[in-house]
Amino acid sequence: MHSISATFRAGIRAFLPIAVGIIPFALISGIAAMSVGLSIPQAIAMSMIVFAGSAQLVAMQLLAEHTPMLLIILTTVIINLRFVMYSASLADHFAQLKQRWKWLSAYLLTDQAYALAISLYQRKPHMHYKPWFYLGAAISMWITWQIGAVVGMLVGQQFPASWQLDFTIPLTFIALAMPAIKNRRLAAVALCAAIMAGATVMLPYKLGLVLSVLAGVGLGLYLEGRQA
Amino acid sequence: MMILLLIIGMGCVTFLLRLSFISVAGKTSMPQWLQRCLQFVPIAVLMAIIVPDLIYQQHRYQLLNNNERLIAGLVAALVAWKTNNVLLTIGTGMGLLWLLQSL
């Protein structure tokens, strides 16, 4: 990786194997958009402007329940708070970039692009052209996501409701959640958030989501404080 | 029109969260307290999204005896935990849901 373009291409190559996991998720986001009654232009606008799968899926469930706009946006902030963590972790590696490239890098930030880039930076802390590896992976991710979402929108209208494809949404989240429980403290946080979510499910507009996240984070901080 | 406004609002907050520390790279870093809070956010968010979908349907709690989604979801969680495979998890969950409902 001795040039910008070679480093960029390495980013694309690193992304290819994980595209297999992205495509169904993107398809589902397109299918879900149709199932809550968005038009295709609205669904494409959401996919391009927001470009955050988990938040989009939850927003669509909230839209179906006629939730006030501000609450949907608050929920979006909670779900996407993790991007602040990624942003901080990548910041030093992107320090040399011009401002407009920083903006593009930020727009393209996803769980997958972050994970690919940071694992390479940890293995090769002194490599050159660091941001270009990230951009190669992140742009490939963006293209894969948008194509998958549009295909999902087109085929989403063909499936009968009896297939219950909406169940793929919690299944996708289950697939993401289990590997994230890496130690006992995270398991306790997960259990606490799960119980709280079960207990508050009757509250309108998924307010229970906000409460459950607060409870989980609170417990995590308490357990960490007790051990320190 | 309202939908478009919502999409733009969601897009703006999401972009600002992503840009946050990248934009000030090299000038300031994340305070320790924020770092400590944020480590617990992703798993708490995921559980808060998953659980209501599994246990609450048609405006009431549904327990294991007449809740195919809860059973399918628990088995899918076991598959996710053991295999770490997204496609296999979704496939098992959907397959089991269809199977249980056809019984």
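Here is how names work: the chains are called A, B, and so on, in the same order as the sequence lines, proteins then strands, and each is numbered from 1.
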So what's closer than 4.5 Å to chain A heavy atoms on [X]: side chain, backbone, both or neither?
X       : answer
B:Leu87 : side chain
B:Ile55 : side chain
B:Leu97 : side chain
B:Leu88 : neither
B:Trp98 : side chain

If I compare all heavy atoms of [X] with all of [Y], which pair ends up nearest, and what's the gap?
X        : Y        : value
A:Val50  : B:Met10  : CG2-CB, 3.8 Å
B:Ile90  : A:Thr172 : CD1-OG1, 3.7 Å
B:Leu46  : A:Phe173 : CD2-CD2, 3.6 Å
B:Ala48  : A:Ser212 : CB-CB, 3.7 Å
A:Leu221 : B:Cys37  : CD1-SG, 3.7 Å
B:Thr89  : A:Ile174 : CG2-CG2, 4.3 Å

Step-by-step side chain to side chain contact (heavy atoms under 4.5 Å, CB included) determination, B:Thr14 to A:Phe51: CA-CA 9 Å; B:Thr14 304; A:Phe51 185 49; over 6 Å; no
Specify which of [options] makes the most heavy-atom pairs with chain B at under 4.5 Å.
options                                : answer
A:Leu90, A:Ile23, A:Ile72              : A:Ile72
A:Val189, A:Leu38, A:Ile181            : A:Val189
A:Phe25, A:Tyr107, A:Phe94             : A:Tyr107
A:Met202, A:Arg82, A:Gln56             : A:Met202
A:Pro179, A:Gly216, A:Gly208, A:Gly218 : A:Pro179
A:Ala175, A:Ala215, A:Ala59            : A:Ala175

Atom [atom1] of [X]: over 12 foreign heavy atoms under 6.0 Å:
X        : atom1 : value
A:Tyr222 : OH    : no
A:Trp103 : CH2   : no
A:Gln99  : CD    : yes

About how many Å separate [atom2] of [Y] and [atom1] of [X], when rounded to the nearest 0.5 Å?
X        : Y        : atom1 : atom2 : value
A:Leu171 : B:Asp53  : CG    : CG    : 9.5 Å
A:Met85  : B:Leu17  : CE    : CG    : 11.5 Å
A:Asp92  : B:Ile22  : CG    : CD1   : 11.0 Å
A:Thr200 : B:Tyr56  : OG1   : OH    : 11.0 Å
B:Leu78  : A:Met178 : CG    : CE    : 7.5 Å

Just give me the residue among [options] that pairs up with chain A most often, heavy atom to heavy atom, under 4.5 Å.
options                   : answer
B:Gln101, B:Gln35, B:Met2 : B:Gln101
B:Leu16, B:Val41, B:Ile43 : B:Ile43
B:Cys12, B:Ser20, B:Gly9  : B:Ser20
B:Val51, B:Leu6, B:Val13  : B:Leu6

Quick check: do [X] and [Y] have side-chain heavy atoms less than 4.5 Å from each other?
X        : Y        : result
B:Arg18  : A:Tyr86  : no
B:Ile49  : A:Ile79  : yes
B:Met94  : A:Thr168 : yes
A:Met196 : B:Met47  : no
A:Phe167 : B:Leu54  : yes

Would you mind checking which part of [X] comes under 4.5 Å of any heavy atom in chain B, side chain (CB onward), backbone (N, CA, C, O), both or neither?
X        : value
A:Gln164 : both
A:Val77  : both
A:Ala199 : backbone
A:Leu63  : side chain

Side chain to side chain contact (heavy atoms under 4.5 Å, CB included) assessment of A:Val201 paired with B:Tyr61: CA-CA 9 Å; A:Val201 72; B:Tyr61 286 104; 3.3 Å; yes
